[in-house]
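Bear in mind the structure is a predicted one, so any value in this text is a computation, not a measurement. Counting from 1, the numbers follow the sequence of the chain as shown.
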Amino acid sequence: MSGSWSKLQKALSFRQPKSPPENASSDAKSPPSTRPSSAASSSTFSRFTRSFSSTSRSSKRTCAICLGSMKAGNGQAIFTAECAHSFHFSCIANSVKHGNYLCPICRCKWKEIPLMSSFSTDVNTNNAGRTRVSPLEDNYLDNIPRVPPPVSLPLPEPLHFSDDEHLPSITVDQTPSPSTVHPETAVLKAFPEYSAVAASGSMSRFAVLVGVRAPPLADDVRHQERAPIDLVTVLDISGSMAGSKLTLLKQAVCFVIDNLGPSDRLSIVTFSSGAQRNFPLRRMTEQGRREAALAVNAISANGGTNIVEGLKKGVRVLEERRERNPVASIVLLSDGRDTYNGDNANQRRSPRNCRSSNATSDASGGTFSFIETVGTVQDAFAMCIGGLLSVVVQELKLTVRSASRGVEIGSIPSGRYASEISEQGKQGVINIGNLYADEEKEFLVYLSVPSAEIEQGATKTSLLQITCSYKNTTSEEMVSVEGETVEIRRPPVLSPTDVVISREVDRQINRLAVAETIAEAQQLAEMGNLEAAQAALTNRRATLLSSVSAQAGDALCSWLDMELTEVRERMVSRERYEQTGRAYVLSGLSSHSWQRATTRGDTTSQILLQGGSSSNSGATMYETPSMVSMISKSQNLSLVNRAEQVLRPNKSCNLPPPPS
C-alpha cells in the first residue's frame with residue numbers, strides 16, 4: 001500500500017511547473033508564514049507556468065484564481081497588485097491567508113500584502129469598481145494600524161500527521177460463526193477459445209480465459225468479515241464549488257460518515273488556494289461521527305483550486321499515521337478546474353480539464369469517475385465506499401503454468417494490473433491486489449499450441465494449470481486455491497461444433513477490442529479529427545454486433561454496444577467533446593483497465609429502487625452487490641430527504657440517531 005502512495009507522490013512531483021527565475025524572487029523577502037507547509041508549497045507550485053502581459057485583455061477581464069468575471073459594476077472589489085495584475089479582492093485575500101505571498105500569474109513577490117480587514121473603510125474603491133491597496137497612492141495606512149489586523153486562519157496543524165486515533169484492541173470471539181467454520185474461498189474458472197484443435201494442427205495464438213471471483217460477504221457478520229479502512233476525503237472547496245455543489249458535497253460526505261463502522265477511520269482534507277486538514281484520522285464511533293459531521297458543516301467555499309496541494313496533504317495523512325488499518329484509500333472530489341498547477345493553469349477557461357486527474361488516479365492504482373450532474377455526487381460516493389467497505393481479499397496473485405511440452409505463454413493483456421511471463425513462457429503471474437466481495441476479474445492468456453503427438457495416441461492436450469494465492473482479510477492468513485487443468489481435445493478431424501468460439505472468450509475479446517477502439521477514438525478526438533474517431537467507433541460497433549456472443553444476446557455485449565453509442569454521441573462536435581466527452585471517455589477507460597466500476601456522466605450506476613437491479617443506461621458489469629446495495633441506500637435516502645432539502649437548504653447535514 002505504501003508503494004501506491006509513493007507512486008502518487010512521484011506523479012504529483014512531475015506536475016510541478018518550473019520554478020520562477022531567481023531575479024523574480026530576490027527583490028524582497030516574503031513575509032513569514034504562520035503555516036510553514038502552505039508557504040513552502042506555494043513557492044513550489046506556481047499558478048501559471050508562464051507570465052501573462054499586464055496588457056492582456058483576458059487577464060484583466062478574468063480573475064486568475066476563481067476564473068470569474070472582473071467587469072466593473074459586478075459588486076466585487078478588485079485588487080490590483082504592484083505588478084499590475086488584478087484579482088477579486090476576496091480571492092487574493094483568501095490565497096494570502098493560506099500562505100501564498102507571490103503573484104499567482106508572474107510569481108513576483110509583493111511588498112504590500114492584501115489582507116481581509118474587519119473595517120470596510122480600509123479599502124478605497126474608485127468609480128470604476130476597482131480597489132487599490134497601495135500606501136503610495138491611497139491613504140490606506142492612515143486608516144489602519146501599521147501591524148495588519150489578525151486574519152481568520154484555519155486551526156494550526158501539527159508538523160507531522162502522527163496524531164491518528166489508536167486502532168481498537170482486537171478481542172478474540174471464542175464462538176465460531178458459520179463463515180469461520182466453513183469459510184468460502186475465491187473461485188477460479190477457465191475457458192479455452194475452442195474446445196478442440198486438430199491433432200495434426202497447431203496454433204500460434206490460442207486464447208484461454210482465466211478468471212477469479214472473490215468470496216461473498218455473509219449477511220450476518222458483514223463487519224467482522226471485511227477489512228477496516230483508513231479513508232481520507234480530499235474535497236474541493238474553491239469558489240467554483242459554492243452554492244448547491246457545496247451543499248450536496250456536504251450531504252455526500254455525511255452519507256459516507258454514517259456508513260463507516262467503529263473500526264474504520266476517516267480524515268477530511270479540503271483545498272482551495274491552499275490545503276488544510278480539517279479533521280484528523282479518527283475512528284467512526286458515535287462520538288467520532290458527530291465530530292466529523294461538525295467539521296463537514298463548518299466548511300465554506302472560497303478561493304482558487306489547488307488540487308495538487310490537496311492530494312499532497314491527503315497522502316501525508318496516510319503516510320505519517322502511527323497505526324494502519326488493512327485498507328487505505330484517498331477519495332478526491334473536485335470540479336476539475338485546477339488553477340495552480342501544470343497544464344490546467346494555462347487552460348483557465350477549460351470546462352472539464354480531467355486528463356491530469358485521470359493520470360493521477362492511474363499512477364496511484366485508483367479509478368477516475370466523471371460526475372456530470374451535481375445531484376449524483378452522493379450516489380458516486382456510495383458506489384465508491386460500497387466497494388471499499390467490502391474488501392475480502394488482499395495481495396491476490398493469479399498464476400498460470402504451462403501443462404504440456406510445447407505449450408508456451410505468449411502474452412497476457414492485463415490492463416493496469418502488472419503481469420509477468422517467466423521461465424521462457426512456462427509461467428505467467430498477474431498481480432491483482434485487493435478484491436471486493438463478489439468482485440470478478442477476467443484475463444485472456446494467449447498460448448502457442450503445438451501439434452499433438454499422434455504416434456503416442458494422444459486424444460487431449462493439457463494447456464494450463466491455474467492457481468491463486470491471497471490474504472484473507474478476516475483471519476489475515478494466506479490462502480491458496482488450485483483450479484482445474486485446462487484441456488482441449490485433439491481429434492483427427494474437427495466437427496462443426498469444434499470450430500465455434502467459446503462465448504466466454506469471445507465476450508472478453510469484444511471487451512478488450514472495444515476499450516482499445518475507444519482509446520484510439522479519444523486520441524483522434526484530441527487531435528481534432530472527430531470524423532475519424534466516429535468512423536472507428538462505428539466500425540467497431542458493427543464488428544461487435546456480428547460476434548458470436550452478441551448474436552447470442554450476451555449482456556456484456558449489449559452494454560458495450562450502448563457504450564460505443566454513447567461515446568460516439570459525445571464526440572459529435574468539438575464543443576460536446578470538450579464539455580463532457582473527454583471526461584466520459586477517460587472514466588470509461590479507467591473502468592475497463594481496472595475492471596472496476598466508475599461513475600460516468602449522469603446515467604452511470606443509477607440503480608433502480610425496485611428490485612435492486614441496474615438500469616439499462618448505467619449497468620457497468622463491474623458493479624458488485626455491495627456497490628449496488630450502497631447506491632440503492634443512497635437513492636432511498638435522497639427520496640426521503642428531498643422535500644426537506646428543498647424546504648431547508650441550510651448547507652448542513654445531520655447524522656441519523658444511533659441504533660437503539
Side-chain angles (χ1 to χ4, degrees), residues 1-6 8-9 12 32-42 44 97-99 151-171 227-237 249-250 253-254 256-300 306-333 364 366 385 388-389 653 655:
M1 183 59 68
S2 60
S4 297
W5 308 131
S6 299
L8 178 54
Q9 278 195 325
L12 294 177
S33 171
T34 57
R35 294 176 61 203
S37 62
S38 297
S41 63
S42 64
T44 304
K97 182 179 73 172
H98 286 87
V151 179
S152 178
L153 291 173
L155 294 176
E157 295 178 349
L159 293 177
H160 298 283
F161 295 148
S162 56
D163 55 350
D164 52 301
E165 185 174 0
H166 290 289
L167 298 176
S169 57
I170 300 176
T171 58
I229 184 175
D230 286 341
L231 179 64
V232 181
T233 59
V234 180
L235 310 174
D236 184 349
I237 58 168
L249 173 62
K250 290 181 179 182
V253 177
C254 283
V256 173
I257 294 171
D258 184 37
N259 283 279
L260 294 177
S263 296
D264 302 313
R265 298 189 299 179
L266 174 71
S267 178
I268 300 171
V269 171
T270 59
F271 65 90
S272 54
S273 300
Q276 176 191 358
R277 189 196 67 170
N278 302 66
F279 188 71
L281 198 59
R282 293 283 307 277
R283 289 174 54 204
M284 289 297 96
T285 59
E286 183 179 339
Q287 178 181 354
R289 290 166 59 219
R290 280 200 304 268
E291 294 177 357
L294 289 174
V296 172
N297 285 333
I299 292 173
S300 59
N306 198 330
I307 297 177
V308 168
E309 282 303 298
L311 278 173
K312 286 175 63 180
K313 189 146 293 188
V315 171
R316 280 188 56 204
V317 171
L318 292 182
E319 284 197 331
E320 298 174 8
R321 55 191 164 147
R322 295 169 299 180
E323 301 180 37
R324 296 169 184 259
N325 264 326
V327 180
S329 184
I330 294 176
V331 178
L332 165 73
L333 187 137
S364 60
I385 65 170
L388 293 173
L389 298 182
C653 55
L655 292 175

[X] side, atom [atom1]; [Y] side, atom [atom2] - distance, nearest 0.5 Å:
| X | Y | atom1 | atom2 | value |
| --- | --- | --- | --- | --- |
| L318 | L231 | CG | CG | 8.5 Å |
| I257 | R290 | CD1 | CZ | 12.5 Å |
| M284 | D264 | CE | CG | 9.0 Å |
| E320 | L159 | CD | CG | 9.5 Å |
| N259 | I385 | CG | CD1 | 4.5 Å |

Do I237 and F271 touch side chain to side chain, with heavy atoms closer than 4.5 Å?
no
Is there side-chain contact between F161 and R316, with heavy atoms separated by less than 4.5 Å?
yes
Please give me the minimum heavy-atom distance between [X] and [Y], naming the atom from each residue.
| X | Y | result |
| --- | --- | --- |
| S329 | I229 | CB-CD1, 4.3 Å |
| R277 | V317 | CD-CG2, 4.0 Å |
| S263 | P168 | OG-CG, 3.8 Å |
| S267 | F279 | OG-O, 2.7 Å |
| P158 | D163 | CG-OD2, 3.8 Å |
| L281 | R321 | CD2-CD, 4.1 Å |

Under-4.0 Å salt bridge between R289 and D258
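Salt bridge flag = yes for D258 with R289.
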Electrostatic pair E157:K313 at N-O distance under 4.0 angstrom:
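Answer for the salt bridge query: yes.
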Are any side-chain N or O atoms of [X] and backbone N or O atoms of [Y], one a donor and one an acceptor, separated by less than 3.5 Å?
| X | Y | result |
| --- | --- | --- |
| D236 | I307 | no |
| R322 | S162 | yes |
| D230 | N325 | yes |

Out of T270, V253, L235, L249, which residue meets the side-chain contact (heavy atoms from CB on, under 4.5 Å) rule with V296?
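Option passing the side-chain contact (heavy atoms from CB on, under 4.5 Å) with V296: V253.
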Evaluate the criterion side chain to side chain contact (heavy atoms under 4.5 Å, CB included) for residue pair L167 and R265; output intermediate values, then yes/no.
CA-CA 9 Å; L167 298 176; R265 298 189 299 179; 3.5 Å; yes
Residues in side-chain hydrogen bond (donor to acceptor under 3.5 Å, both in side chains) with T233, at least two apart?
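T233: no side-chain hydrogen bond (donor to acceptor under 3.5 Å, both in side chains) contacts found.
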